[in-house]
Amino acid sequence: MNCNHLSKILPFLILALVSSAAAAEDCTSAPINPKGDTSKLQTALQQATNTGSELVLTGTYYISQDTKVYLRNDLKVDASEARFIATEQLDGDMFSFDTHASKSDECGGAGVLANFDWIGGTFNMSKAKVSTVVPLRYKTPAGREGTKQTADALSIRGATSSGKSKLNELLIENIVFIGTENDTDPYYLAGEIVEYS
């Protein structure tokens with residue numbers, strides 16, 4: 001064996017092993033409150049359902065794109081001290097909690113019917129793009145037209161397209177939803193609260 005050749009490729013082999021380990025799902029670490037750091041919000045929510053551990057969210061989060069999470073195990077979120085504000089760039093759902101044919105089976109989620117408990121939080125969708133299915137779409141102001149069929153604050157899909165169910169119990173309580181910038185604005189300017197399918 002050529003030791004010189006081995007010493008040249010060994011660092012790349014170690015890097016490849018470390019990279020593949022880092023890409024694997026973390027199924028054991030407790031979720032960490034991002035405390036207003038939007039860049040860490042998706043990871044915290046995914047980690048909460050990976051482990052089934054409760055996640056407490058505090059702070060203000062500015063959401064510019066769909067925060068997508070695959071349901072695996074129970075998801076319990078206490079967002080009583082959190083605010084989620086859609087930016088003008090948000091076109092679609094603020095949060096999508098999805099059941100996936102294979103990804104929902106990871107972290108021990110195979111065969112598990114998960115409970116989804118979300119408590120508290122203020123969701124402000126007043127600046128988000130308006131969905132394509134809002135009634136009287138022609139009244140949507142220029143620049144607010146969205147391209148997505150849904151523009152929900154919380155979108156929970158409890159079954160796959162083939163009908164595989166993932167949800168056992170769904171509980172959402174004590175949330176505040178702000179759909180328009182002013183109390184007198186008409187409904188067709190508003191975002192949507194919750195969709196469950």
### Task
Please step through side chain to side chain contact (heavy atoms under 4.5 Å, CB included) for the pair Gln46 and Lys68, ending with a clear verdict.
CA-CA 8 Å; Gln46 187 62 65; Lys68 190 174 193 71; over 6 Å; no
### Query
Checking side chain to side chain contact (heavy atoms under 4.5 Å, CB included) for the pair Val112/Lys166: CA distance, chi angles, key distance, verdict?
CA-CA 7 Å; Val112 171; Lys166 184 67 182 170; 3.9 Å; yes
### Task
Let me see the working for Ile32 and Gln47 under side chain to side chain contact (heavy atoms under 4.5 Å, CB included), right down to the final yes or no.
CA-CA 8 Å; Ile32 298 171; Gln47 196 58 28; over 6 Å; no
### Task
Show the numbers, then the answer: is there a side chain to side chain contact (heavy atoms under 4.5 Å, CB included) between Val77 and Leu45?
CA-CA 8 Å; Val77 176; Leu45 289 164; 3.9 Å; yes
### Task
Evaluate the criterion side chain to side chain donor-acceptor pair (under 3.5 Å) for residue pair Thr184 and Asn182; output intermediate values, then yes/no.
CA-CA 5 Å; Thr184 57; Asn182 303 299; 5.4 Å; no
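The side-chain contact (heavy atoms from CB on, under 4.5 Å) with Phe97 is formed by just one residue from the set Leu170, Thr49, Leu71, Thr67; it is Leu71. Of the candidates Phe123, Phe84, Phe95, Tyr61 forms a ring pair (Phe, Tyr, Trp, His ring centres under 6.0 Å) with just one, namely Phe84.
Although no hydrogens or angles enter the test, the distance criterion places no donor-acceptor pair under 3.5 Å between the side chain of Asp152 and the main chain of Asp93. Distance alone, capped at 3.5 Å, is enough to place a donor-acceptor pair between the Asn50 side chain and the Asp26 backbone. Put simply, the side chain of Lys129 gets close to the backbone of Gly143: a donor and an acceptor are under 3.5 Å apart. Judged purely by atom type and a 3.5 angstrom limit, Arg72 uses its side chain to pair as donor or acceptor with the backbone of Lys103. Between the side chain of Thr38 and the backbone N or O of Tyr62 there is at least one donor-acceptor pair closer than 3.5 Å.
For the pair Lys148 and Asp91, the salt-bridge criterion is not met [side-chain N within less than 4.0 Å of a carboxylate O].
When all heavy atoms of Ser29 and Thr51 are compared, the pair lying nearest together is O-CG2, 3.2 Å. Minimum heavy-atom separation, Asp105 to Gly111: OD1-N, 4.4 Å. Scanning both residues, Thr150 and Arg157, for their nearest heavy atoms gives OG1-NH2, 4.1 Å. Nearest approach of Pro34 to Leu41, heavy atoms of both residues: CG-CA, 3.9 Å. For the residue pair Ser104 and Asp98, the shortest heavy atom distance occurs at OG-O, 3.8 Å. Nearest heavy-atom pair, Asp74 versus Asn115, reported as atom, atom and distance to 0.1 Å: OD1-N, 2.8 Å.
Residues Thr99 and Leu167 are not in side-chain contact: their nearest non-hydrogen atoms beyond the backbone lie 4.5 Å or more apart.
Screening residues 31-56 for ring pair (Phe, Tyr, Trp, His ring centres under 6.0 Å), with sequence neighbours left out, gives no hits.
Atom CD of Gln65 is separated from atom CD of Gln89 by 10.5 Å, given to the nearest 0.5 angstrom. Note: Ser102 OG to Lys164 NZ = 8.0 Å, rounded to the nearest 0.5 Å.
Taking a 6.0 Å sphere around CG of Leu113, one finds it holds more than 12 heavy atoms contributed by other residues, nucleotides or ligands. Other residues, nucleotides and ligands contribute only 12 or fewer heavy atoms inside 6.0 Å of the CD atom of Glu81.
Cluster membership for Ile156 and Leu55, using ILVMFWY side-chain heavy atoms within less than 4.5 angstrom, is shared.
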